[in-house]
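Structure record follows, encoded as structure tokens.
Basis for what follows: all heavy atoms, side chains included, without hydrogens, waters or symmetry-related copies. In the text below, chain A, chain B and the rest are named by the order of the sequence lines, each starting its count at 1. These numbers come from a predicted model, not from an experiment.
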There are 2 protein chains.
Amino acid sequence: MSDHAKQSLPHLRTRNDHSTELAEDYVEAIAEIAASHGSCRVVDLAKHFGVSHVTVNRTVGRLQNEGLVKTEPYKPVGLTAKGARLAVRCRERHEIVYQFLLAIGVDPQTAAIDAEGIEHHVSPATLRCFVNWSKTNASIS
Amino acid sequence: MSDHAKQSLPHLRTRNDHSTELAEDYVEAIAEIAASHGSCRVVDLAKHFGVSHVTVNRTVGRLQNEGLVKTEPYKPVGLTAKGARLAVRCRERHEIVYQFLLAIGVDPQTAAIDAEGIEHHVSPATLRCFVNWSKTNASIS
DNA sequence: ACAGAATTGTAGCCACAGCTACAATCTACA
DNA sequence: TGTAGATTGTAGCTGTGGCTACAATTCTGT
Ligand SMILES: [Mn+2]
Ligand SMILES: [Mn+2]
Ligand SMILES: [Mn+2]
Ligand SMILES: [Mn+2]
């Protein structure tokens, strides 16, 4: 590989992470809201993310095209099998990142905020290291 | 604060992080390239980030409007005092995140890639925890 | 049943960040 | 000194993700 290709590789990965970030947060939120409220409405997602219902509407439409969510006009938003699988993976990863931040001494509120952005940039290899160190610290304390 | 405001706070922070991410990466790259090559040209940045020179051009123009970089037509790209200060902070934070990932056992290549995305979502409080744990692990090994 | 409130959908605006194609300028070498 | 190649600038396209304003639909309480 050329020198500048090595330099640009991290940025390419970061841009790719961002292109899938919204889908990951949406399926995770839809699963959570559906579990706690019985169903997930557009307005629930708008409140959850702090955006207008219009933004939610367009995003849900795109996720439906990608086969992650299923919805009909004026009906709740649900996950496809594919979307539900992605939601589980994202929920697990999110929880690992959050628990890891707690384990190294970050306060819960800051950990919750930082984890929401960090989670999408944590590769499987780094995630394994997070799990190990959370275990280690848990056994210490 | 209302319940859903608490829920949306992390996402608001993440969106804010992303709005400043490009500026942070650019000033950091301009400082590095200028230090190693003597001057930083548009084409250097294009290679560094793996994007076209057009994208670099527009971004540099926006950063100039924000008072972070200084450039003239067909001349190298330089940092203002404000941009140089931001570059130092970003470089330090980037290095802390990278060294922390190494300290918890992530391989160097993965650490370099993940750090490029993670750095922008690490709050000062979390950064302090990273520093502490890097020190601890350094004294152990 | 129906009026008003809540929810959802649509039209159209913006900024950002990527791109190709082409024009202009500068640099280096024959 | 010219000119070919490298570099930079410009025009204009795309997709994404935010918004307001307004329309349509559904839900709810009297
Ligand atoms: Mn999440
Ligand atoms: Mn997230
Ligand atoms: Mn970065
Ligand atoms: Mn990010």
Side-chain angles (χ1 to χ4, degrees), chain A residues 2 4 8-27 29-30 33-34 37-66 68-78 116-117 120, chain B residues 2 4 8-27 29-30 33-34 37-66 68-78 116-117 120:
Chain A
S2 66
H4 62 265
S8 62
L9 234 178
H11 297 286
L12 294 171
R13 241 285 307 275
T14 300
R15 290 199 295 272
N16 191 68
D17 291 343
H18 287 160
S19 75
T20 56
E21 174 165 342
L22 209 56
E24 293 174 350
D25 281 338
Y26 264 68
V27 295
I30 291 167
I33 293 170
H37 287 55
S39 78
C40 178
R41 312 292 316 207
V42 167
V43 68
D44 297 322
L45 291 169
K47 285 173 186 166
H48 179 85
F49 291 115
V51 298
S52 74
H53 81 277
V54 183
T55 299
V56 171
N57 227 338
R58 186 167 23 66
T59 302
V60 165
R62 188 164 58 80
L63 297 184
Q64 190 165 25
N65 286 342
E66 295 173 8
L68 292 171
V69 314
K70 187 68 185 159
T71 186
E72 290 170 75
Y74 299 98
K75 292 283 176 63
V77 181
E116 196 59 68
H120 310 281
Chain B
S2 67
H4 62 265
S8 62
L9 235 179
H11 297 287
L12 294 171
R13 242 283 308 273
T14 299
R15 290 199 296 272
N16 190 67
D17 291 343
H18 287 160
S19 75
T20 56
E21 173 164 343
L22 210 57
E24 294 174 349
D25 281 338
Y26 265 67
V27 295
I30 292 168
I33 293 170
H37 288 56
S39 78
C40 178
R41 313 289 319 207
V42 168
V43 68
D44 298 321
L45 291 168
K47 284 172 186 167
H48 180 86
F49 291 114
V51 299
S52 74
H53 80 278
V54 184
T55 299
V56 171
N57 228 337
R58 187 166 24 66
T59 302
V60 166
R62 189 164 58 80
L63 297 185
Q64 191 165 25
N65 287 342
E66 295 174 7
L68 292 172
V69 313
K70 186 68 185 160
T71 185
E72 290 171 74
Y74 299 98
K75 292 284 177 63
V77 181
E116 196 59 67
H120 310 281

Quick one: is D:dC19 close enough that its OP1 or OP2 comes under 4.0 Å of any side-chain N or O from A:Ser52? yes

Look up atom CD in A:Glu21 and atom CZ in B:Arg15, then write down how far apart they are to the nearest 0.5 Å. 10.0 Å

Going by side chain to side chain donor-acceptor pair (under 3.5 Å), name the residues that satisfy it together with A:Arg62, two or more places apart in sequence or in a different chain. A:Glu66

Touch check for B:Arg15, heavy atoms < 4.0 angstrom, all strands: base, sugar-phosphate only, or nothing? sugar-phosphate

For the residue pair B:Phe49 and B:Tyr26, categorise the inter-ring angle as parallel (less than 30°), tilted (30 to 60°) or perpendicular (more than 60°). parallel

Give the rounded distance in Å between these two atoms: CD of B:Glu66 and P of C:dA17. 9 Å

DNA chain D: A:Tyr26 or A:Tyr74, which has the more 5' nearest nucleotide? A:Tyr26

Regarding the side chain of A:Val54, the nearest nucleotide among D:dT20, C:dC19, D:dT8 is D:dT20

What one should report as the nearest heavy-atom pair of B:Cys40 and B:Leu45 is SG-CG, 3.6 Å

With heavy atoms under 4.0 Å as the rule, sort B:Arg62 into base, sugar-phosphate or nothing. sugar-phosphate

Take the C1' atoms of the five end pairs on each side of the helix from C:dA1-D:dT30 to C:dA30-D:dT1, derive the two axes, and give their angle rounded to 10 degrees. 10°

Rounded to whole angstroms, how far apart are CG on B:Asn65 and P on C:dC16? 10 Å

To the nearest Å, give me how far apart CD (B:Glu21) and P (C:dG18) are. 10 Å

Is there a side-chain contact between A:Thr59 and the phosphate of D:dG17, meaning an N or O under 4.0 Å from OP1 or OP2? no

Spacing between B:Leu45 atom CG and D:dT8 atom C1', to the nearest angstrom: 13 Å

Quick test of the criterion, 5.5 Å between centres and less than 30° between planes. Is A:His53 stacked on C:dT7 or not? no

Between NZ of B:Lys75 and P of C:dC26 the distance, given in whole Å, is 9 Å

A:Val42 or B:Val51, whichever maps to the more 5' nucleotide of DNA chain C: A:Val42

May I have the distance from A:Asp44 (atom CG) to C:dA6 (atom C1'), rounded to whole angstrom? 12 Å

Kindly point out which of D:dT7, C:dA17, D:dG18 is positioned nearest to the side chain of B:Val43? D:dT7

For the backbone of A:Thr14 and the side chain of B:Glu116, can you confirm whether one donor and one acceptor N or O come within less than 3.5 Å of each other? no

Does OP1 or OP2 of D:dT8 have a side-chain N or O of B:Asn57 closer than 4.0 Å? no

Are any of the side-chain heavy atoms of B:His120 and B:Asp25 separated by less than 4.5 Å? yes

Has B:Arg41 got a side-chain N or O lying under 4.0 Å from the OP1 or OP2 atom of D:dT8? yes

Can you tell me how far C1' of C:dC16 sits from CG of B:Leu22, to the nearest Å? 9 Å

In short, B:Ser39 meets B:Asp44 closest at the heavy-atom pair O-OD2, 3.9 Å

Nearest-Å distance, NE2 (A:His11) to P (C:dG18)? 11 Å

Say whether, by atom type as modelled, one donor and one acceptor occur between the side chain of B:Ser8 and the main chain of A:His48 under 3.5 angstrom. no

